[in-house]
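Everything below concerns the one structure shown next.
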There are 2 protein chains.
Amino acid sequence: MGEVLDAKLDGETEEGEAKRQPTRIQAINREIILEAALEVFATHGFRGSTVDQIATRAAMSKPNLLYYYRRKQDIYYAVLQHTLDDWLAPLEAIDAEGDPIEQLRRYITLKLEMSAENPAASRLFANEILAGAPVIGDFLRSRLRTLVHDKAAVIRRWVGEGRLAPVDPVHLIFLIWATTQHYADFDAQIRAVLGSQVEQPGFYEQAAQAVLTIVLNGIRPRD
Amino acid sequence: MGEVLDAKLDGETEEGEAKRQPTRIQAINREIILEAALEVFATHGFRGSTVDQIATRAAMSKPNLLYYYRRKQDIYYAVLQHTLDDWLAPLEAIDAEGDPIEQLRRYITLKLEMSAENPAASRLFANEILAGAPVIGDFLRSRLRTLVHDKAAVIRRWVGEGRLAPVDPVHLIFLIWATTQHYADFDAQIRAVLGSQVEQPGFYEQAAQAVLTIVLNGIRPRD
DNA sequence: GTCCGATTTGACCAAATAGTCAAGATTCCG
DNA sequence: CGGAATCTTGACTATTTGGTCAAATCGGAC
């Protein structure tokens with residue numbers, strides 16, 4: 001393992017063999033499988049998950065599931081692929097020409113919303129990275145790395161212009177990742193500590209409020 | 001300290017059967033096993049780890065390892081047990097009578113030091129919680145919950161006295177957990193983004209500096 | 001309806017894995 | 001040293017798991 005994902009996934013296009021148009025049933029079942037697999041991989045990681053678990057969750061026999069994705073690895077790649085781009089979008093959206101505090105408020109808010117709406121995706125990455133990022137390692141070292149350095153440069157400029165308190169931009173980005181993904185990744189812990197409170201409407205707004213208050217005050221330039 | 005996990009672990013004491021004094025070899029080998037198991041469980045989680053992996057890492061045959069811990073579960077319990085108390089100590093050490101900013105600076109610093117010194121322990125918990133905290137769930141719902149609520153009350157008082165900016169204490173605690181554990185749990189990602197920079201002396205001090213700056217400024221009362 | 005490719009699955013296999021056991025090796029203590 | 005208790009391991013078993021296959025069923029274009 002440890003490849004750029006693109007190559008593997010749509011890997012049947014090669015070799016002159018005309019790729020068949022996917023049928024309606026294929027589209028539906030692949031979607032069902034990816035959804036089930038996301039949930040399973042997000043909870044137990046690649047090695048801790050079984051094809052049977054995924055098949056059961058997808059309400060499908062194991063051979064049928066393997067008809068759509070021939071190997072456990074293929075499912076894993078597909079799920080990661082399916083989720084990766086979305087994950088970067090908010091960071092990409094930071095606009096160097098915008099107002100620093102406003103841009104970062106927006107970034108944090110978007111990340112928190114993603115954690116709330118798709119916690120499984122966050123946990124999927126968390127598991128992959130805990131395992132040492134064997135599959136997305138190359139992706140992290142190339143695309144993510146470039147993106148982070150680009151946006152860090154933007155933030156560094158803002159700091160230089162006195163529009164943000166002096167702070168290391170990369171560590172600021174890490175801090176934002178940490179705080180926003182925490183609500184998805186450590187959901188079980190948060191539920192253990194807060195109980196039913198987590199279910200109450202407005203819980204996520206309250207969390208967002210707290211994170212935004214602390215982080216934005218933390219980087220607002222002091223007079 | 002007595003914890004929830006006790007019951008399962010040293011379960012042979014009961015039944016009048018006198019527990020033998022552990023021999024020197026036992027003490028050494030159990031230590032070796034726990035160290036190896038921590039590393040393996042921290043990387044792949046309980047389900048993703050194999051007894052063989054642990055045995056290999058402990059430079060020991062599998063049956064020999066199973067002579068010391070009869071089941072995979074037993075090793076897992078023992079490793080968690082071995083690490084749990086340490087993990088709570090810093091939060092417990094927050095002193096209601098101290099200076100708020102100073103107490104929180106100390107708490108953050110201690111947590112960051114623990115992440116740097118024993119990242120595997122942090123990842124072990126991360127894996128356990130991602131899996132839904134099947135083993136330490138009761139612990140989280142009892143001891144951790146109580147402790148968090150106690151310390152949240154302390155922080156709430158500080159806020160009430162105007163010694164901290166108005167912020168939800170529980171979310172502040174979560175934010176501190178998130179940011180401090182991030183450097184251990186997401187080490188692979190951080191290395192991917194920063195490369196060899198992570199190895200340079202002073203990297204952790206720099207991280208600590210950034211986190212402390214942002215968080216402490218974020219909660220310092222505004223005039 | 002008919003037919004052909006697409007879909008589904010029961011039965012199966014080989015490898016991996018948790019755990020057992022009895023016999024041999026080592027350590028400890030007098 | 002000598003013997004008992006402790007420790008170690010090769011060989012083994014039962015179960016789980018990833019993956020295959022051929023045969024049965026289904027769906028849709030004509």
Side-chain angles (χ1 to χ4, degrees), chain A residues 1 8 11-12 17-37 39-41 43-80 127 131 134-135, chain B residues 8-9 11-12 17-37 39-41 43-80 127 131 134-135:
Chain A
M1 291 193 229
K8 308 236 130 157
E12 11 173 351
E17 165 157 353
K19 187 165 73 173
R20 298 264 198 301
Q21 183 76 0
T23 68
R24 188 179 53 91
I25 293 177
Q26 262 173 50
I28 291 171
N29 280 345
R30 289 195 183 219
E31 195 50 49
I32 289 173
I33 292 169
L34 289 186
E35 207 171 307
E39 214 56 53
V40 173
F41 284 135
T43 303
H44 296 112
F46 178 75
R47 296 198 28 175
S49 302
T50 73
V51 177
D52 265 312
Q53 271 181 296
I54 300 171
T56 301
R57 197 169 235 280
M60 198 176 284
S61 72
K62 183 169 65 160
N64 197 18
L65 185 151
L66 289 168
Y67 169 76
Y68 291 101
Y69 293 97
R70 289 184 51 200
R71 307 168 162 282
K72 185 181 166 187
Q73 278 198 3
D74 296 341
I75 315 175
Y76 189 61
Y77 287 137
V79 174
L80 278 174
N127 262 307
V135 175
Chain B
K8 326 216 138 166
L9 225 215
E12 14 174 350
E17 166 157 350
K19 188 166 72 174
R20 299 262 196 302
Q21 182 78 358
T23 69
R24 189 181 51 91
I25 294 177
Q26 263 174 47
I28 292 172
N29 280 344
R30 287 191 185 225
E31 194 51 47
I32 290 174
I33 291 169
L34 290 186
E35 209 171 305
E39 214 57 52
V40 173
F41 284 135
T43 302
H44 298 292
F46 178 75
R47 296 199 27 175
S49 303
T50 72
V51 177
D52 264 312
Q53 271 181 296
I54 299 170
T56 301
R57 198 170 235 281
M60 198 176 281
S61 71
K62 184 169 66 162
N64 198 19
L65 184 149
L66 289 167
Y67 169 75
Y68 291 102
Y69 294 96
R70 290 181 54 198
R71 307 166 163 281
K72 186 181 165 187
Q73 278 200 359
D74 295 342
I75 314 174
Y76 189 61
Y77 288 138
V79 175
L80 278 174
N127 262 307
V135 175

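Below, chains carry the letters A, B, ... as their sequence lines are ordered, and counting in each starts from 1.
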Atom pairs and distances, donor-acceptor, side-chain atoms in residues 46-59 of chain B, under 3.5 Å, two or more places apart:
residue: R47(B); atom: NE; partner: G48(A); partner atom: O; Å: 3.1
residue: R47(B); atom: NH2; partner: G48(A); partner atom: O; Å: 2.8
residue: R47(B); atom: NH2; partner: Q53(A); partner atom: OE1; Å: 3.2
residue: S49(B); atom: OG; partner: V40(B); partner atom: O; Å: 3.3
residue: S49(B); atom: OG; partner: G45(B); partner atom: O; Å: 2.5
residue: T50(B); atom: OG1; partner: Q53(B); partner atom: N; Å: 3.0
residue: Q53(B); atom: OE1; partner: R47(A); partner atom: NH2; Å: 3.2
residue: Q53(B); atom: OE1; partner: T50(B); partner atom: N; Å: 3.0
residue: T56(B); atom: OG1; partner: D52(B); partner atom: O; Å: 2.9

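Contact of the I25(B) side chain with the Y68(B) side chain is registered, since non-hydrogen atoms from C-beta on lie closer than 4.5 Å. Counting heavy atoms from C-beta on, the side chains of Y69(B) and R30(B) come closer than 4.5 Å.
Neither OP1 nor OP2 of dA18(C) sits under 4.0 Å from any side-chain N or O of R71(B). Listed pair N29(A) / dT8(C) meets the phosphate criterion, a side-chain N or O lying under 4.0 Å from OP1 or OP2. Listed pair N64(B) / dC7(D) fails the phosphate criterion, with no side-chain N or O lying under 4.0 Å from OP1 or OP2. Distances shorter than 4.0 Å separate none of the side-chain N or O atoms of T23(B) from OP1 or OP2 on dT27(C). The phosphate of dA6(C) (OP1 or OP2) has no side-chain N or O of Q26(A) nearer than 4.0 angstrom. Phosphate proximity of dC7(D) to Y67(B): present, with a side-chain N or O under 4.0 Å from OP1 or OP2.
Residue-level contact check: I25(A) touches the backbone only, with heavy atoms under 4.0 Å from sugar-phosphate atoms and none from bases.
Here the C1' atom of nucleotide dG18(D) and the CD1 atom of I75(A) are 10 Å apart, to the nearest Å. The CD1-C1' distance, from I54(B) to dA18(C), rounds to 11 Å in whole Å. Between I33(A) atom CD1 and dT8(C) atom C1' the separation is 12 Å, expressed in whole Å. In this structure, D52(A) atom CG and dA16(C) atom P are separated by 18 Å, rounded to whole Å. Regarding Y68(B), its OH atom lies at a distance of 18 Å from the C1' atom of dT20(C), rounded to whole Å. Rounded to an integer number of Å, the gap from NZ of K62(B) to P of dA18(C) is 6 Å. Spacing between atom CE of M60(B) and atom P of dT6(D) amounts to 18 Å, rounded to whole angstrom units. Rounded to an integer number of Å, the gap from CD of Q53(A) to P of dG19(D) is 15 Å.
Shortest non-hydrogen contact noted between V79(B) and L34(B) is CG2-CD2, 3.7 Å.
Taking every side-chain heavy atom of L66(B) into account, dT20(C) is the closest of dT20(C), dT17(D), dT7(C). Among dT6(D), dG28(D), dT20(D), the nucleotide with an atom closest to any side-chain atom of R24(A) is dG28(D).
Distance check, rounded to the nearest 0.5 Å: CD1 of I33(B) to CE of M60(B) gives 4.5 Å.
At a cut-off of 3.5 angstrom, the base of dG19(D) holds no donor-acceptor pair with the side chain of K72(A).
Toward the 5′ end of DNA chain C lies the nearest nucleotide of P63(A), the other residue of the pair R47(A) and P63(A) mapping further downstream.
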